[in-house]
Amino acid sequence: QVQLVESGGGLVQAGGSLRLSCAASGLTFYAYDMGWFRQAPGKEREFVASITRRYGTFYVDSVKGRFTISRANAQNTMYLQMNSLKPEDTAVYSCAANPREARGQYLADFWGQGTQVTVSS
């Protein structure tokens, strides 16, 4: 049974930092591209960042220079270091295995349940 479990969310003031973790089990982690997505209340799911099997990284423009995605294959874990947080970063952050976009929707082989990030002004 595949599980992706996020942790590290919480309440932080604007300008602060959080580090999210995504612990994977039940899959060959190193063989998967991985990604972070977020969804704010009343808004659609948004791509945040991804990291390929070969450590290539991609970011949405709004987080470039502030967020860093990484992975530790030996620990079956992916991370998202979030610095200089802004109120507009408030959302539920979810990790995904083999994320892709198709017909305007984000799909993935597996999704985590998500962790809440709230940034106060």
Side-chain angles (χ1 to χ4, degrees):
Q1 180 183 358
V2 174
Q3 281 192 311
L4 300 178
V5 180
E6 302 93 339
S7 62
L11 173 64
V12 64
Q13 288 188 331
S17 298
L18 285 173
R19 189 195 195 200
L20 304 184
S21 298
C22 172
S25 60
L27 77 168
T28 309
F29 181 75
Y30 69 84
Y32 279 82
D33 296 342
M34 299 292 295
W36 287 100
F37 294 78
R38 65 187 180 187
Q39 188 165 19
K43 295 188 176 181
E44 294 188 350
R45 178 177 282 164
E46 177 188 31
F47 166 79
V48 176
S50 64
I51 184 166
T52 69
R53 292 166 288 176
R54 298 184 178 181
Y55 296 88
T57 58
F58 304 89
Y59 299 91
V60 67
D61 285 347
S62 61
V63 308
K64 285 180 180 177
R66 299 189 297 122
F67 291 10
T68 303
I69 190 171
S70 60
R71 65 191 298 163
N73 288 343
Q75 285 75 45
N76 288 350
T77 303
M78 175 179 65
Y79 303 98
L80 186 67
Q81 177 67 43
M82 306 187 295
N83 298 329
S84 302
L85 282 161
K86 304 175 180 180
E88 51 264 43
D89 294 320
T90 296
V92 174
Y93 285 70
S94 300
C95 61
N98 193 24
R100 56 206 181 269
E101 186 176 3
R103 294 189 291 274
Q105 287 190 329
Y106 291 113
L107 306 176
D109 288 1
F110 307 102
W111 291 96
Q113 290 297 312
T115 185
Q116 176 70 46
V117 171
T118 302
V119 184
S120 63
S121 57

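Please read all numbers here as calculations on a predicted model, not as lab measurements. For this chain, numbers begin at 1 and follow the sequence in order.
- Scanning for side-chain hydrogen bond (donor to acceptor under 3.5 Å, both in side chains) contacts around Asn98 gives Asp109, with sequence neighbours left out.
- For the ring-ring contact (aromatic ring centres under 6.0 Å, His included) test, no residue two or more places apart in sequence or in another chain qualifies with Tyr93.
- Here the closest non-hydrogen pair linking Ser17 and Ser84 is OG-N, 4.3 Å.
- Within the structure, no pair that satisfies the salt bridge (Lys or Arg N to Asp or Glu O under 4.0 Å) test touches residues 76-86, not counting sequence neighbours.
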Apply the test side chain to side chain contact (heavy atoms under 4.5 Å, CB included) to residues Ile69 and Met78: give CA-CA distance (whole Å), side-chain angles for both, the deciding distance (0.1 Å), then the verdict. CA-CA 7 Å; Ile69 190 171; Met78 175 179 65; 3.9 Å; yes

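- A search for side-chain hydrogen bond (donor to acceptor under 3.5 Å, both in side chains) contacts involving Gln116 returns Thr118, not counting sequence neighbours.
- Shortest non-hydrogen contact noted between Ala108 and Ala97 is CB-O, 3.5 Å.
- Residues satisfying the salt bridge (charged side-chain N to carboxylate O under 4.0 Å, His left out) test with Glu46, not counting sequence neighbours, are Arg38.
- The stretch residues 10-25 participates, sequence neighbours left out, in no salt bridge (Lys or Arg N to Asp or Glu O under 4.0 Å) pair at all.
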For residues 6-13, please give each side-chain donor-acceptor pair under 3.5 Å, one per line with the distance, not counting sequence neighbours.
residue	atom	partner	partner atom	Å
Glu6	OE1	Gln113	N	3.1
Glu6	OE1	Gly114	N	2.9
Glu6	OE2	Cys95	N	2.9
Glu6	OE2	Gly114	N	3.2

Quiz: residues 22-32 side-chain donor-acceptor pairs under 3.5 angstrom, not counting sequence neighbours:
none

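- When all heavy atoms are compared, the tightest approach of Ala91 to Ala40 is CB-N, 3.8 Å.
- For Lys43, the salt bridge (charged side-chain N to carboxylate O under 4.0 Å, His left out) test picks out no residue, with sequence neighbours left out.
- Rounded to the nearest 0.5 angstrom, Trp36 CH2 and Ser50 OG are separated by 13.0 Å.
- In this structure a side-chain-to-backbone donor-acceptor pair under 3.5 Å is missing from Ser62 to Val60.
- Here the CD atom belonging to Gln3 is positioned 5.0 Å from the CD atom belonging to Gln1, to the nearest 0.5 angstrom.
- Considering only residues two or more places apart in sequence or on other chains, Arg53 meets the salt bridge (charged side-chain N to carboxylate O under 4.0 Å, His left out) condition with Asp33.
- The CD atom of Glu101 lies 9.0 Å from the CG atom of Leu107; values are rounded to the nearest 0.5 Å.
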Check the pair Val117, Leu18 against side chain to side chain contact (heavy atoms under 4.5 Å, CB included), reporting the backbone distance first and the verdict last. CA-CA 9 Å; Val117 171; Leu18 285 173; 3.9 Å; yes

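- Hydrophobic cluster membership differs between Tyr79 and Met34, with clusters built from Ile, Leu, Val, Met, Phe, Trp and Tyr side chains linked at under 4.5 angstrom.
- Closest approach of Thr77 to Gln75, counting heavy atoms only: OG1-O, 2.8 Å.
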Val48 vs Val63, test: side chain to side chain contact (heavy atoms under 4.5 Å, CB included). Steps then yes/no. CA-CA 7 Å; Val48 176; Val63 308; 4.3 Å; yes

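- The 12-atom threshold is not exceeded at CD of Gln105, counting heavy atoms of other residues, nucleotides or ligands nearer than 6.0 Å.
- Residue pairs satisfying the ring-ring contact (aromatic ring centres under 6.0 Å, His included) criterion with at least one member in residues 37-69, sequence neighbours excluded, are listed as follows: Phe37-Phe47, Phe37-Tyr106, Phe37-Trp111.
- With sequence neighbours excluded, no residue satisfies side-chain hydrogen bond (donor to acceptor under 3.5 Å, both in side chains) with Asn76.
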